[in-house]
Amino acid sequence: MSLLRSLPALAALLMLAACARTPAPKPVQFFAEGMPERLSDWSVLYVADGRLRLNAQVLPYDLDSALFTDHAHKLRTVWMPAGTPARYQPDEAMDFPVGTIISKTFYYPRGEGDTVLRSEDTGPEPDGGLTLAKVRLVETRLLVRRASGWVALPYVWNAEQNEARLMRTGELVPLTLAGADGKRQQLEYLVPDENQCAGCHGTDLKSKQIFPIGPKARHLNHDFAYAGGKANQLRHWQDVGYLADVPAGELPRNVAWNDAQAPLEARARSYLDINCGHCHSQKGAARTSGMWLDSNTHDPLRVGRCKLPIAAGQGTGNRAWDIAPGKPDDSILTYRMESTDPGVMMPELGRSIVHEEGVELIRQWIAAMSAQECGA
């Protein structure tokens with residue numbers, strides 16, 4: 001009799017447990033046209049149980065070296081329609097199919113009160129998600145591959161951290177950044193508008209089209225800590241059906257710019273490649289400068305060694321050469337990296353403060369060059 005009386009209570013507990021489970025998100029939604037107002041409309045990422053989660057078949061990834069964005073951390077993901085893998089390319093970004101959705105979420109570790117923390121980027125959690133009590137989400141940028149080409153859509157997260165809204169005109173987000181030494185720094189984090197997105201992702205000046213920057217073989221060719229264990233990203237993409245035509249043998253690979261065990265030359269070129277090379281290349285928006293900083297350029301003059309500036313105006317700082325070998329204090333490159341003046345600073349977009357560690361790396365690289373008198 002007691003067992004019969006307990007059955008309704010047991011059933012009620014089971015119903016409560018079922019209701020408490022995280023509901024399955026709707027499938028990823030690709031929009032072939034239009035500009036959805038909410039990030040959640042795409043269902044690539046979703047918020048549940050106090051975490052930012054990845055939908056099924058949404059694959060997290062990272063880069064050997066990341067573009068500096070005021071010390072923000074980044075959660076990168078890619079999703080492709082089933083049965084339509086990207087095609088491997090040795091130098092350019094992978095040739096992604098129509099329907100691809102690439103996301104990049106910018107966030108900071110939370111500090112005390114309203115502060116965010118400046119810390120090394122440890123990446124997302126093993127399942128690719130983020131615990132919202134530990135981080136402050138700022139924005140999520142989508143790159144969407146439509147039949148007509150790529151489109152960039154910037155979404156800004158609300159104060160409640162449960163939704164991000166489309167901000168086509170961009171936004172300035174005031175932040176207080178606290179370092180490990182306790183020092184605080186005020187900054188205005190820039191969410192780019194649509195034109196500014198094209199300013200960086202317009203990697204082919206002739207076609208005027210935009211393309212992904214990060215997912216190239218040389219940036220992806222390293223291990224990533226997936227939920228099932230570490231694996232090389234290029235091979236893992238191939239295994240899950242996201243990448244085809246990957247050749248056997250050794251593939252292009254950059255080093256991490258902050259890997260102190262790697263050669264100084266390789267670290268500096270990797271840093272310049274990801275931060276500058278998408279514009280300063282043979283096809284990029286800054287190709288007319290004659291200074292090409294992508295890792296595929298090896299001509300010392302093209303890289304800037306003893307090269308006269310072209311139409312740099314006030315950006316020269318009264319220095320004569322883009323790179324004066326052995327003399328970082330005489331080099332235009334370091335002058336522009338150390339500036340926050342909008343008319344001088346390089347890169348022109350993506351930062352409001354100086355990346356001190358990056359500047360120091362480039363200064364060391366220039367100082368280590370064999371000194372010579374340019375123009376002699």
Side-chain angles (χ1 to χ4, degrees), residues 22-48 52-63 74-105 124 127-130 139-155 163-166 168 194 197-198 201-204 207 209-217 219-221 224 226-228 231-247 251:
T22 301
K26 64 181 181 180
V28 173
Q29 177 66 52
F30 168 69
F31 293 89
E33 57 184 20
M35 296 187 174
E37 287 296 318
R38 301 178 303 175
L39 180 65
S40 61
D41 292 335
W42 298 87
S43 201
V44 171
L45 307 168
Y46 66 102
V47 174
L52 181 66
R53 297 172 178 264
L54 279 58
N55 209 338
Q57 308 307 314
V58 175
L59 192 66
Y61 70 94
D62 68 7
L63 310 180
K74 291 143 190 174
L75 165 61
R76 297 174 176 84
T77 74
V78 61
W79 178 87
M80 293 174 231
T84 55
R87 299 289 171 180
Y88 176 88
Q89 298 193 120
D91 298 322
E92 304 300 328
M94 302 307 168
D95 183 10
F96 290 97
V98 171
T100 299
I101 305 172
I102 296 174
S103 82
K104 184 163 60 170
T105 298
D127 64 354
L130 296 168
E139 62 160 324
T140 295
R141 302 177 193 173
L142 297 187
L143 272 180
V144 180
R145 178 66 169 89
R146 291 173 168 166
S148 59
W150 290 93
V151 59
L153 301 171
Y155 291 85
E163 184 62 273
R165 298 277 178 176
L166 182 65
R168 297 178 61 186
E194 289 180 291
C197 288
H201 286 274
T203 55
D204 188 330
S207 72
Q209 292 187 328
I210 68 173
F211 297 93
I213 295 172
K216 299 174 182 175
H219 300 320
L220 296 172
N221 188 13
F224 182 86
Y226 296 100
N232 179 276
Q233 291 186 113
L234 292 175
R235 300 305 177 188
H236 185 72
W237 284 33
Q238 187 178 31
D239 290 343
V240 300
Y242 269 13
L243 189 58
D245 302 333
V246 182
L251 302 176

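The model shown is predicted, which means the values in this text are computed figures rather than measured ones. One is the number of the first residue; the rest follow in order along the sequence.
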Passes salt bridge (Lys or Arg N to Asp or Glu O under 4.0 Å), Arg165 versus Glu163? Steps please.
CA-CA 7 Å; Arg165 298 277 178 176; Glu163 184 62 273; 5.5 Å; no
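- Taking the side chain as every heavy atom from C-beta outward, Tyr88 and Met94 approach each other to under 4.5 Å.
- The distance from the OG1 atom of Thr140 to the CG atom of Leu166 is 12.0 Å, given to the nearest 0.5 Å.
- Taking OH of Tyr61 as the start and NZ of Lys104 as the end, the distance is 7.5 Å to the nearest 0.5 Å.
- The environment of Gln57 atom CD is sparse: at most 12 non-hydrogen atoms of other residues, nucleotides or ligands sit within 6.0 angstrom.
- When atom types are taken as modelled, the side chain of Arg53 and the backbone of Ala48 share a donor-acceptor pair closer than 3.5 angstrom.
- Proximity of the aromatic rings of Phe224 and His236 is defined here by a centroid distance below 6.0 angstrom, and this criterion is not met.
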Determine all donor-acceptor pairs shorter than 3.5 Å in which one atom belongs to a side chain in residues 25-38; sequence neighbours excluded.
unit_1, atom_1, unit_2, atom_2, d
Arg38, NE, Asp41, OD1, 3.1
Arg38, NH2, Asp41, OD1, 2.8

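- Side-chain atoms of Gln233 come within 3.5 Å of backbone atoms of Leu220 as a donor-acceptor pair (strictly under, hydrogens ignored).
- Pairing each heavy atom of Lys216 with each of Asp91, the nearest pair is CD-O, 3.7 Å.
- Asp239 contributes atom CG, which lies 11.0 Å from atom CG of Leu234 (distance to the nearest 0.5 angstrom).
- Applying the side chain to side chain donor-acceptor pair (under 3.5 Å) rule to pairs touching residues 93-103 yields Thr77-Ser103, sequence neighbours excluded.
- Distance check: Ile102 CD1 to Phe96 CZ gives 4.0 Å after rounding to the nearest 0.5 Å.
- How far CH2 of Trp237 is from CG of Asn232: 11.5 Å, rounded to the nearest 0.5 Å.
- With hydrogens and angles ignored, the 3.5 Å screen pairs a side-chain donor or acceptor of Asn55 with a backbone N or O of Ser43.
- When all heavy atoms are compared, the tightest approach of Tyr226 to Pro60 is CE2-O, 3.7 Å.
- Here the closest heavy-atom approach between residue Pro85 and residue Leu243 is recorded as CB-N, 3.7 Å.
- Smallest separation of non-hydrogen atoms from Ala93 and Pro212: CB-O, 3.6 Å.
- Nearest heavy-atom pair, Leu52 versus Leu75, reported as atom, atom and distance to 0.1 Å: CD2-CD2, 4.1 Å.
- Counting only distance, with no hydrogens or angles, the side chain of Tyr242 and the backbone of Met80 share a donor-acceptor pair below 3.5 Å.
- Arg141 CZ to Thr105 OG1: the interatomic distance, rounded to the nearest 0.5 Å, is 10.5 Å.
- Here the side chains of Val98 and Thr84 are not in contact, with every heavy-atom distance at 4.5 Å or above.
- With a 4.5 Å cut-off on side-chain heavy atoms, Leu54 and Leu45 count as touching.
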